[in-house]
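Here is the structure we will look at.
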Amino acid sequence: MLSIKDLVASVEEKQILKGLNFEVKPGEVHAIMGPNGSGKSTLASVLAGRKEYEVNSGTVTFNGEHLLEMSPEDRARAGIFLAFQYPVEIPGVSNANFLKTAVNEVRKSKGLETLDSKQFLKVMQEKMKLVEMDKAMTQRSVNEGFSGGEKKRNEIFQMAMLEPTLAILDETDSGLDIDALRIVANGVNALRDGKRSFIVITHYQRLLDYIVPDHVHVLYKGRIVKSGTKELALELEEKGYDWIKEEVDSSVNA
Amino acid sequence: MSDDLKILDEVTNSEYKWGFVSNIESDNAPKGLSEDIVRFISAKKNEPEWLLAYRLKAYRHWLTLTEPTWPNVTYPSIDFQDIIYYSAPKTKPTLNSLDELDPEIKSTFDKLGISLEEQKRLANVAVDAVIDSVSVKTTFRESLGELGIIFSSFSEAVHEHPDLIKKYLGSVVPYTDNFYAALNAAVFSDGSFCYIPKGVRCPMELSTYFRINSAGTGQFERTLIVAEQGAYVSYLEGCTAPMRDENQLHAAVVEIVSHEEATVKYSTVQNWYPGDKQGKGGIFNFVTKRGICLGNRSKISWTQVETGSAITWKYPSVILKGDNSVGEFYSVAVTNNMQQADTGTKMIHIGKNTSSTIISKGISGGRSQNSYRGLVKIAKGAVKARNFSQCDSLLLGDQCGAHTFPYLEVNNKSSKVEHEATTSKVGEDQIFYCNQRGISTEDAVGLIVNGYCKEVFNKLPMEFAVEAQKLLAISLEGSVG
Ligand SMILES: Nc1ncnc2c1ncn2[C@@H]1O[C@H](COP(=O)(O)OP(=O)(O)O)[C@@H](O)[C@H]1O
Ligand SMILES: [Mg+2]
């Protein structure tokens with residue numbers, strides 16, 4: 001479904017991703033871990049098409065298409081969803097109105113009929129249950145005055161509404177208390193249907209107790225330096241990143 | 001003879017030049033402005049002597065004035081002798097079907113979601129008798145008539161209700177007020193008159209659309225609204241459909257009188273042709289709008305959405321004379337491409353416990369310039385007067401400009417005035433967030449800007465609000481990146 005080959009990308013002339021290779025198959029859940037500043041959010045931004053991030057070389061194909069040639073909105077319409085590490089506020093635009101616009105844009109791109117208000121409301125009510133969203137929250141302006149936890153929950157709610165084929169969750173767990181973490185994880189698990197794929201970026205193994213990954217990768221200095229199963233996450237939790245850093249740095253120096 | 005002497009001579013030479021009036025059969029006055037032209041217009045409209053006298057006084061006063069230069073706008077100087085001040089209402093060419101309509105206008109109609117029937121009406125497509133809107137209008141007029149409400153063209157009111165017109169014409173905006181008010185008083189073509197008798201709540205939104213015998217919106221329109229004690233009316237002016245006009249100069253006057261405990265809500269959507277992307281063409285819109293809260297506990301509320309015109313110069317104001325009276329001004333002014341707007345309000349507090357609210361949202365894109373200019377004046381006797389002003393500017397690029405000119409004159413220590421102002425830019429991160437949800441940049445800007453203006457849109461009548469939102473999105477096309 002997603003295939004990244006030798007991806008080199010930079011921001012403000014600084015190379016961040018330095019030849020990254022990565023494969024995701026339908027239905028898989030991949031966790032990406034790594035120290036701060038290793039390039040995890042950069043990878044997410046490059047996949048979503050943020051224009052400050054310049055791709056220097058490499059290819060990314062998504063369901064057979066050249067992803068890097070598509071506009072951000074076309075990537076979204078094709079089924080890529082990014083749950084932002086720092087969701088943006090849009091004052092005066094209700095969550096419901098925002099989502100109705102988004103859902104209908106995606107439907108239009110697929111040649112489906114747009115939903116009218118009544119139909120949309122029905123779908124929304126179903127999905128609200130997934131993340132224990134209340135009605136008042138759908139009427140509030142997008143992320144405005146939301147607590148950190150509410151913002152993250154709102155991201156998952158949007159994901160549920162947009163039904164992407166590949167969802168990238170950038171530190172959706174950070175800043176969440178244990179109840180909020182459970183709600184978010186339940187939402188994600190409810191959307192695991194064997195076809196939809198996930199890239200879960202996280203610092204903590206704790207999230208992976210709830211969302212059990214098929215693969216765990218370590219991103220360091222712009223490359224995937226280690227891959228394994230969920231046991232790798234446990235090992236990282238226990239030993240930290242230093243042993244990996246040492247391994248990588250010594251092999252570079254050698 | 002110097003110019004001044006010539007003018008003086010013209011003014012004092014009261015001899016009536018009849019020669020010109022024999023031309024009354026012609027549909028258009030020749031170019032230019034003179035006493036003869038003023039007489040011609042008055043004669044054309046078969047006006048009583050007192051109104052002609054009023055026009056002439058205004059004209060003579062206008063001769064002594066010079067064009068204002070204080071607004072923050074620039075434009076080539078207007079040759080007032082190169083304008084035709086009277087032309088018979090042109091009938092638009094009748095189309096056989098909407099297929100004959102200019103595709104650009106048709107596409108705007110569609111984007112606005114204007115119904116096919118309405119499109120036909122606006123585009124002047126011949127319609128069959130069954131859906132002829134005249135009968136609809138007549139029904140409206142009859143039901144209003146039963147309540148004693150007068151809603152007619154200005155010219156009609158001059159003949160049918162001369163006492164009311166005499167009493168109120170120029171009572172809020174005298175011809176001495178400013179250059180364009182004087183010009184309008186001299187040459188106004190037509191407009192609307194609306195009168196709500198004591199204690200009557202007008203049961204529907206009065207829109208110029210339902211006005212009978214409307215002679216097409218003119219270049220020099222004149223509107224007068226009077227609400228008697230305890231009356232209520234919500235009045236809608238304008239149209240969200242694109243309005244083209246060959247006349248470049250528009251100088252309208254609106255006067256509102258609100259008696260004791262009466263409320264007048266006046267909403268405008270202005271979408272005159274703004275000119276092309278290079279700033280060629282487009283309407284110059286120089287409007288004087290003012291209301292007076294004459295009685296105690298009366299209220300006047302202005303809501304405006306300004307998206308059109310090459311140049312807008314407009315300050316809907318309220319004189320708060322009655323004790324406990326309330327003035328409100330809610331405004332969205334959008335400028336794109338090469339448009340220039342200098343708009344705002346004046347709140348003049350005279351009565352005790354008077355309060356006013358100003359919410360202004362200026363949005364600039366392209367290379368446009370958008371200025372808010374507002375005056376809050378609190379007179380000595382306006383004990384415990386209150387004002388709250390909030391003026392926000394939103395920039396959509398880095399080639400446009402936003403300016404704020406708040407003026408404050410407080411002559412009373414017990415009053416309270418609050419002013420807040422912000423300037424912000426539509427964030428790249430907001431747009432990217434929308435993009436990531438499948439929304440194009442253009443739609444994202446529309447969405448973000450509409451959110452920004454929500455406080456003002458909430459004040460518009462429901463149907464108008466929906467159209468105004470769509471209009472905003474259309475006006476902003478191509479404003480970013
Ligand atoms: N917009 C940006 N401008 C400048 N530097 C950036 C920007 N985004 C990321 N970086 C830099 O790129 C590096 C990787 O950042 P990031 O991808 O956010 O790491 P992670 O998400 O793994 O913590 C860091 O050194 C960070 O400072
Ligand atoms: Mg990050």
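Keep in mind that the numbers below use all heavy atoms, side chains included, and drop hydrogens, waters and symmetry copies. Quick note on labels: first sequence line is chain A, next is B, and so on, each numbered from 1.
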| request: Check each atom of A:L82 against the heavy atoms of chain B and say whether the ones under 4.5 Å are side chain, backbone, both or neither. | output: both
| field | Option that, when pairs with chain A are counted at under 4.5 Å, heavy atom only, ranks first among B:G438, B:A444, B:C453 | value | B:G438
| message | Checking the side chain of B:Q436 only, and the main-chain atoms of A:A48 only, is there a donor and an acceptor separated by less than 3.5 Å? | response | no
| request: Using a strict cut-off of less than 4.0 Å between a Lys/Arg side-chain nitrogen and an Asp/Glu carboxylate oxygen, indicate whether B:R437 and A:E105 qualify as a salt bridge. | output: no
| query | Counting a contact as any heavy-atom pair under 4.5 Å apart, which residues of residues 53-76 of chain A contact chain B? | reply | A:P72, A:E73, A:A76
| said: Other residues, nucleotides and ligands only: do more than 12 of their heavy atoms fall within 6.0 Å of NZ on B:K346? | reply: no
| query | Out of curiosity, A:E52 CD to B:D429 CG, how far, rounded to the nearest 0.5 Å? | reply | 8.5 Å
| query | OG1 of A:T101 to CG of B:N450: how many Å apart, nearest 0.5 Å? | reply | 10.0 Å
| said: Using heavy-atom distances under 4.5 Å, tell me whether A:K108 contacts chain B through its side chain, its backbone, both, or neither. | reply: neither
| said: Given heavy-atom pairs under 4.5 angstrom as the criterion, report whether the side chain, backbone, both or neither of A:P87 touches chain B. | reply: both
| query | Any side-chain heavy-atom pair from B:K454 and A:V93 closer than 4.5 angstrom? | reply | no
| query | Quick one: what part of A:V142 sits under 4.5 Å from any heavy atom of chain B, side chain, backbone, both or neither? | reply | side chain
| Which region of A:I80, side chain (C-beta onward) or backbone (N, CA, C, O), has a non-hydrogen atom less than 4.5 Å from a non-hydrogen atom of chain B, or is it both or neither? | both
| query | Can you say whether the rings of B:Y433 and A:F98 are parallel (under 30°), tilted (30 to 60°) or perpendicular (over 60°)? | reply | parallel
| note | In short, A:E89 meets B:Q430 closest at the heavy-atom pair O-NE2, 3.0 Å
| For B:R367, does the CZ atom sit with more than 12 other heavy atoms under 6.0 Å from it, leaving out its own atoms? | no
